[in-house]
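To start, the structure under review is shown below, and the notes come after it.
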2 protein chains.
Amino acid sequence: MKQQEVFKAMADPTRRAILKRLQDGALTAGEIGETFDITAASLSHHFAVLKRADLVRTERRGQFIVYSLNSTVFEDLARMLFDLFPGRGRSGDQS
Amino acid sequence: MKQQEVFKAMADPTRRAILKRLQDGALTAGEIGETFDITAASLSHHFAVLKRADLVRTERRGQFIVYSLNSTVFEDLARMLFDLFPGRGRSGDQS
DNA sequence: GCAATATTTAGATATTTGTCTAATTATCTA
DNA sequence: TAGATAATTAGACAAATATCTAAATATTGC
């Protein structure tokens, strides 16, 4: 789990908006792009960052590439937070 | 609550390390600095970012400035996450 | 195989950001 | 008040990054 990649990925508002759009289910790159006012190339860059952080999964469906939230990282993400802000129940480390 | 400031602040490894150092209690800028191999000026910049994100609180104690974790933002941070990765119990919005 | 569509990759550029040195501000103590 | 110590601010610079246009790759359907 690349903590740094995850935090970096979350630091951009466009990428957080992408994650938010994926909450209601998987979407193709193009469908996601409709909502944003940037080129497909820029979007693709953001997808790459999200993938590297393992925040989204991809699956090719014919001509399209379908993106979906990888909710399994949620646990890791939560763990990181609890690790950074303790005194709330947990204690473990592993930075 | 400036979501963007918070995520940006968390995106830097030095700043996360600062937060971690503060887990065991408040420390002066100098004490925190001992652990890091960067100048006081650079550290000060990181403090400014953390303050802007409301992740730390400061208090002048004589010659020193004491930093401490602001654990109240934890709730906001957690809320942001639950908001980004739903289907785990909560639903609310407010991006 | 070829044209059309979907997406990514390559390369360029402007902005942001982390770091540094030097200078400034605030506080203490002699 | 002067000197020392703690920390921040100012200004410069290099590295990282978000964006763009143009070109490349993958897939479909004729």
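All chains are named by letter (A, B, ...) in the order of the sequence lines, taking the proteins before the strands, and each is independently numbered beginning at 1. What you see is a predicted model, and the numbers here were worked out from it, not measured in a lab.
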Atom pairs, N/O to N/O, protein against nucleotides 17-24 of chain C, distance under 3.5 Å?
| unit_1 | atom_1 | unit_2 | atom_2 | d |
| --- | --- | --- | --- | --- |
| C:dT17 | OP1 | B:K8 | NZ | 2.7 |
| C:dG18 | OP1 | B:R15 | NH2 | 3.2 |
| C:dG18 | OP2 | B:R15 | NH1 | 3.2 |
| C:dG18 | OP2 | B:H45 | NE2 | 3.3 |
| C:dT19 | OP2 | B:H46 | NE2 | 2.3 |
| C:dC20 | OP2 | B:T39 | N | 2.8 |
| C:dC20 | OP2 | B:T39 | OG1 | 3.1 |
| C:dC20 | OP2 | B:S42 | OG | 2.8 |

Given A:F47 and A:I32, is the side-chain contact (heavy atoms from CB on, under 4.5 Å) satisfied, shown in steps? CA-CA 10 Å; A:F47 290 146; A:I32 297 172; 3.9 Å; yes
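A donor-acceptor pair is defined here as one N or O able to donate and one able to accept, closer than 3.5 Å; such a pair exists between the side chain of A:R21 and the backbone of A:E31. Between the side chain of A:Q4 and the backbone N or O of B:A11 there is at least one donor-acceptor pair closer than 3.5 Å. Listed for the B:R52 side chain is no donor-acceptor partner under 3.5 Å among the backbone atoms of B:K2.
Taken together through direct or relayed side-chain contacts under 4.5 Å among Ile, Leu, Val, Met, Phe, Trp and Tyr, B:L84 and A:V56 form part of one hydrophobic cluster. Under the 4.5 Å side-chain heavy-atom criterion for Ile, Leu, Val, Met, Phe, Trp and Tyr, A:V49 and A:F36 are members of distinct hydrophobic clusters.
Taking atom CG of A:L27 as the reference point, atom P of C:dA6 lies 15 Å away to the nearest angstrom. Atom CG of B:L50 is separated from atom C1' of D:dT8 by 15 Å (rounded to the nearest Å). Straight-line distance from the CD1 atom of B:I32 to the C1' atom of D:dT8: 14 Å, rounded to whole Å.
Between A:E59 and A:R57 no salt bridge is recorded (no basic side-chain N to carboxylate O distance below 4.0 Å).
For the atom pair A:L19 CG and A:Q23 CD, the distance stands at 8.5 Å (nearest 0.5 Å).
Shown for residues 57-68 of chain A: residues whose heavy atoms fall under 4.0 angstrom of DNA chain C, namely A:Q63, A:F64, A:I65, A:Y67.
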